[in-house]
Amino acid sequence: MITVGLFALAALMIASQVISRLYLGYHWLTDTLSSVGLSMMITALTIAVDTHLTARVPELAQDPGPTTATGDLVR
């Protein structure tokens, strides 16, 4: 619940910054939208790379056991 609140607060702060920059005439709408879009792409890329580097692949469910040099199972 706290996480949702923090994300909502962050989104509200970003939206207020975009609106204030438009209102004050510092940027055009295309500038602010492209800035938000670029930051979302960078965030998504960072999350994807981090997930790829830190995700653990589960081992095989059953270990087939030791094999010989020819690949035959030793039983």
Side-chain angles (χ1 to χ4, degrees):
M1 187 70 173
I2 293 175
T3 304
V4 173
L6 291 175
F7 276 111
L9 178 63
L12 182 66
M13 292 175 68
I14 291 169
S16 65
Q17 182 179 6
V18 167
I19 291 169
S20 70
R21 288 184 179 273
L22 290 172
Y23 178 75
L24 294 173
Y26 290 140
H27 296 282
W28 294 91
L29 179 62
T30 54
D31 296 340
T32 56
L33 291 178
S34 63
S35 173
V36 170
L38 179 62
S39 63
M40 289 173 63
M41 288 190 311
I42 291 171
T43 302
L45 179 65
T46 303
I47 290 170
V49 168
D50 181 60
T51 301
H52 176 71
L53 293 177
T54 60
R56 301 209 184 272
V57 177
E59 297 295 325
L60 294 175
Q62 294 178 343
D63 186 17
T67 58
T68 62
T70 60
D72 298 330
L73 288 174
V74 178
R75 299 228 183 229

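The figures here come from the full heavy-atom set of this structure, side chains too, leaving out hydrogens, waters and symmetry mates.
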Are [X] and [Y] in one and the same hydrophobic cluster, where Ile, Leu, Val, Met, Phe, Trp and Tyr link if side-chain heavy atoms are under 4.5 Å apart?
{"X": "Leu33", "Y": "Leu22", "result": "yes"}
{"X": "Leu6", "Y": "Val4", "result": "no"}
{"X": "Met40", "Y": "Leu29", "result": "yes"}

Test side-chain contact (heavy atoms from CB on, under 4.5 Å) applied to Leu45 and Ile42, Ile47, Val49, the passing residue: Val49

What is the distance from atom CZ of Arg21 to atom OG of Ser16, rounded to the nearest 0.5 Å? 10.5 Å

